[in-house]
Amino acid sequence: MKKAVYPGSFDPITYGHIDIAKRALKVFDKLIIMITVNPNKTNALFSAEERIEMVRESMKECMDRIEITTCEVLTVTKTLELGSHHIVRGLRAVTDFEYEFQMTHANRVLAKKVDSIFFMTDNEYSFLSSNTVKEIAQFKGELKTFVPACVEEKLRQKFN
């Protein structure tokens, strides 16, 4: 069974994340969505548990091939622990590429067995980020084209 790890903060999950996950499922038998909990980032809007719940609800039609976990260690370390040798990443723009290029090479030094697989985001989501979604929600803007209804509801609750 070919499985890959898709790491990210998913704070919150967006249609851009969902697009990458569904496309990765066309290549891999199983996808492990790994919610990273970075102790250096203190500005997370949602707890790890809330993010897991939103991912589970947003990806419910694919949950037979998805596992959700959290990670508080290096992504490559956890990827190997989970029995995978592939990390899935989405690319929106050149700035994403530069960051991912550096991270991939650092990961290769740490774990030569782990390879990164990149998916270019759909044009429809090329501008989309969790931070953008949070800002739109904060100012009570329209969210339905950016996140599933269950995520919109959680965002509305946070900002009311």
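Worth saying up front: this structure is predicted, and the values here are computed from it rather than measured.
Environment of CD in Glu72: sparse, with no more than 12 heavy atoms of neighbouring residues, nucleotides or ligands closer than 6.0 Å. In the displayed structure, Phe101 atom CZ is contacted under 6.0 Å by at most 12 heavy atoms of other residues, nucleotides or ligands. By the neighbour-count criterion of 12 heavy atoms within 6.0 Å, atom OH of Tyr99 is sparsely surrounded, having that number or fewer from other residues, nucleotides or ligands.
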Identify all side-chain donor-acceptor contacts of residues 109-123 below 3.5 Å with residues at least two apart in sequence or on another chain.
{"from": "Ser116", "atom 1": "OG", "to": "Thr104", "atom 2": "OG1", "distance (Å)": "3.4"}
{"from": "Asp122", "atom 1": "OD1", "to": "Glu124", "atom 2": "N", "distance (Å)": "2.8"}

Quiz prompt | From CA spacing to verdict: salt bridge (Lys or Arg N to Asp or Glu O under 4.0 Å), Glu53, Arg56 | solution = CA-CA 5 Å; Glu53 181 184 328; Arg56 186 174 287 119; over 6 Å; no
Quiz item: How far apart are the C-alpha atoms of Arg89 and Asp96, what are their side-chain angles, what is the distance that settles it, and do they pass the salt bridge (Lys or Arg N to Asp or Glu O under 4.0 Å) test?
Solution: CA-CA 10 Å; Arg89 300 295 291 159; Asp96 285 348; over 6 Å; no
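Ion pairing of Lys158 with Glu50 is present here, as a side-chain N (NZ or NE/NH1/NH2) and a carboxylate O approach within less than 4.0 Å. Between Lys144 and Glu152, no side-chain nitrogen of the basic residue sits less than 4.0 Å from a carboxylate oxygen of the acidic one, so the salt-bridge criterion is not met.
Within the 4.5 Å cutoff, the side chain of Glu57 has no heavy atoms near those of the Pro148 side chain. Side-chain atoms of Leu155 and Ile136, non-hydrogen and from C-beta on, never get closer than 4.5 Å to each other.
Evaluation of the side chain to side chain contact (heavy atoms under 4.5 Å, CB included) rule for Glu135 yields Phe139 as partners, not counting sequence neighbours. Residues satisfying the salt bridge (charged side-chain N to carboxylate O under 4.0 Å, His left out) criterion with Arg65, sequence neighbours excluded, are absent altogether. With sequence neighbours excluded, no residue satisfies side chain to side chain donor-acceptor pair (under 3.5 Å) with Thr69. Looking at residues two or more places apart in sequence or on another chain, you find no side chain to side chain donor-acceptor pair (under 3.5 Å) involving Lys3.
Legend: ring-ring contact (aromatic ring centres under 6.0 Å, His included) pairs involving residues 8-59, not counting sequence neighbours, sorted by first then second residue: Tyr6-Phe10, Phe10-His17, Phe28-His86.
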